[in-house]
Amino acid sequence: MNDSEAPLPAHPAPAAGMRASHHDRDAVVDLLRDAAAEGRIDHEELDERLERALTSRTRAELAALTVDLPAPPDSGPALPPLVLKGGLSGATRGPGQWETPAHVIARGGVGGVKIDFSRVRTRLPEVLVEAYGETSGVTVVIPDGWAADTAGMDPGTGGLRNGTTPDRLPGTPLIRLTGSGGLGGVEIRHPDRKERRRLDDNPA
């Protein structure tokens with residue numbers, strides 16, 4: 001085989017020409033909403049750009065939507081995993097404001113664990129919640145508009161109770177639930193009536 005017949009070397013596609021992921025689209029949606037809140041674009045233009053962002057197929061199409069906007073600030077180093085152990089007396093996180101890492105590990109123990117994301121601060125596209133019900137179970141509460149993926153969860157003896165809706169608002173993280181129900185089980189749901197009333201009475 002002569003040089004003219006030799007196969008051409010493979011070159012990776014430019015980053016801008018690569019297909020966009022859900023993470024890429026969510027990041028642009030967040031940036032556009034921040035720009036509208038700062039008065040850089042009006043609501044009509046925001047709606048137009050959001051629609052284009054959610055239907056963009058490549059990173060180049062997404063980049064065109066934010067080329068006239070300032071880059072987001074550096075979020076700094078990633079937070080270490082949060083580990084909650086129920087022990088004998090139980091453990092909770094939330095519903096007050098807190099910043100979630102990308103990985104949360106909850107072990108129900110004898111006292112149980114409750115994780116409430118109602119007022120969490122995050123720009124993450126996805127949060128992995130690794131829950132082990134053990135004896136007294138784990139409860140996870142997520143806001144309306146957030147969605148959960150429980151396909152990786154082993155219900156165990158205590159079972160898995162999923163009270164969430166599949167409707168996910170743009171720019172919200174997906175809660176990916178894994179682990180095992182153990183004896184106490186694992187529950188993931190939106191706030192109940194009592195929790196909603198408490199949130200209304202104590203606005204952030």
Side-chain angles (χ1 to χ4, degrees), residues 22-40 43 46 50 53 69-87 89-109 111-133 136-150 153 161-179 186-204:
H22 292 311
H23 184 185
D24 296 330
R25 295 186 189 92
D26 288 346
V28 170
V29 165
D30 285 342
L31 186 57
L32 292 173
R33 287 179 169 169
D34 288 346
E38 295 167 355
R40 299 181 188 276
H43 291 293
L46 172 64
L50 286 177
L69 300 176
D74 185 4
S75 59
L79 295 173
L82 169 65
V83 180
L84 298 170
K85 297 181 179 180
S89 57
T92 62
R93 177 56 60 97
Q97 291 190 2
W98 58 287
E99 185 175 2
T100 182
H103 189 185
V104 179
I105 304 170
R107 298 186 176 276
V113 168
K114 182 177 181 180
I115 311 168
D116 193 333
F117 289 94
S118 295
R119 286 180 173 161
V120 81
R121 299 188 304 271
T122 185
R123 289 182 177 273
L124 296 170
E126 182 175 303
V127 177
L128 173 63
V129 177
E130 196 176 336
Y132 301 94
S136 293
V138 173
T139 298
V140 181
V141 181
I142 64 175
D144 296 324
W146 289 27
D149 179 355
T150 62
M153 187 75 194
R161 296 176 295 282
N162 185 355
T164 64
T165 62
D167 303 323
R168 180 184 176 192
L169 293 177
T172 62
L174 174 70
I175 301 298
R176 193 172 299 280
L177 189 65
T178 66
V186 172
E187 178 182 20
I188 184 166
R189 57 174 174 78
H190 300 298
D192 59 25
R193 186 174 302 176
K194 181 178 179 181
E195 290 162 340
R196 292 179 194 277
R197 186 163 53 248
R198 187 181 299 117
L199 290 169
D200 290 341
D201 292 342
N202 296 280

My understanding is that only one of Arg168, Arg33, Arg123 makes a salt bridge (Lys or Arg N to Asp or Glu O under 4.0 Å) with Asp26; could you say which?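 That would be Arg168.
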Do you know which of Val141, Thr139, Asn162 makes side chain to side chain contact (heavy atoms under 4.5 Å, CB included) with Glu187? Thr139
Any chance you could measure [X], atom [atom1], to [Y], atom [atom2], to the nearest 0.5 Å?
X	Y	atom1	atom2	answer
Leu50	Leu46	CG	CG	4.0 Å
Leu82	Glu99	CG	CD	11.5 Å
Leu124	Leu79	CG	CG	8.0 Å
Leu169	Trp146	CG	CH2	11.0 Å
Ile175	Thr150	CD1	OG1	12.5 Å
Leu177	Ile188	CG	CD1	5.0 Å

Which residues pass the side-chain contact (heavy atoms from CB on, under 4.5 Å) test with Arg193, not counting sequence neighbours?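 Arg193 satisfies side-chain contact (heavy atoms from CB on, under 4.5 Å) with Arg197 only.
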Is the shortest heavy-atom distance from the side chain of Arg176 to the side chain of Val127 under 4.5 Å? no
With a 4.5 Å limit on heavy-atom distance, are the side chains of Val113 and Ile115 in contact?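 Val113 reaches Ile115 side chain to side chain.
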Which atoms form the tightest heavy-atom contact between [X] and [Y], and what is the distance?
X	Y	answer
Phe117	Val129	CZ-CG2, 4.0 Å
Leu32	Ala53	CD1-CB, 4.3 Å
Pro95	Leu199	CB-CD2, 4.5 Å
Pro143	Pro191	CA-CD, 4.4 Å
Pro166	Ala147	O-CB, 4.1 Å

Backbone N or O of Thr100 within a donor-acceptor pair of the Arg93 side chain at under 3.5 Å? no
Looking only at atom types and distance, does a side-chain atom of Glu38 sit under 3.5 Å from a main-chain N or O of Ala35, one as donor and one as acceptor? no
Under 3.5 Å donor-acceptor pairs involving side-chain atoms of residues 101-108, not counting sequence neighbours:
unit_1, atom_1, unit_2, atom_2, d
His103, NE2, Glu130, OE1, 2.8

Could Arg198 and Asp116 be called an ion pair, given the rule that one side-chain N must be under 4.0 Å from one carboxylate O? no
So does Arg196 pair up with Asp144, basic N to acidic O under 4.0 Å?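 Yes.
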Starting from the C-alpha separation in whole Å, work towards a yes-or-no answer on side-chain contact (heavy atoms from CB on, under 4.5 Å) for Asp34 and Arg40. CA-CA 9 Å; Asp34 288 346; Arg40 299 181 188 276; over 6 Å; no
Verify side-chain contact (heavy atoms from CB on, under 4.5 Å) between Ile142 and His190, making sure each step is shown before the conclusion. CA-CA 5 Å; Ile142 64 175; His190 300 298; 3.7 Å; yes
Any chance the side chains of Thr165 and Asp167 put a donor and an acceptor closer than 3.5 Å?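 No, no side-chain donor-acceptor contact under 3.5 Å.
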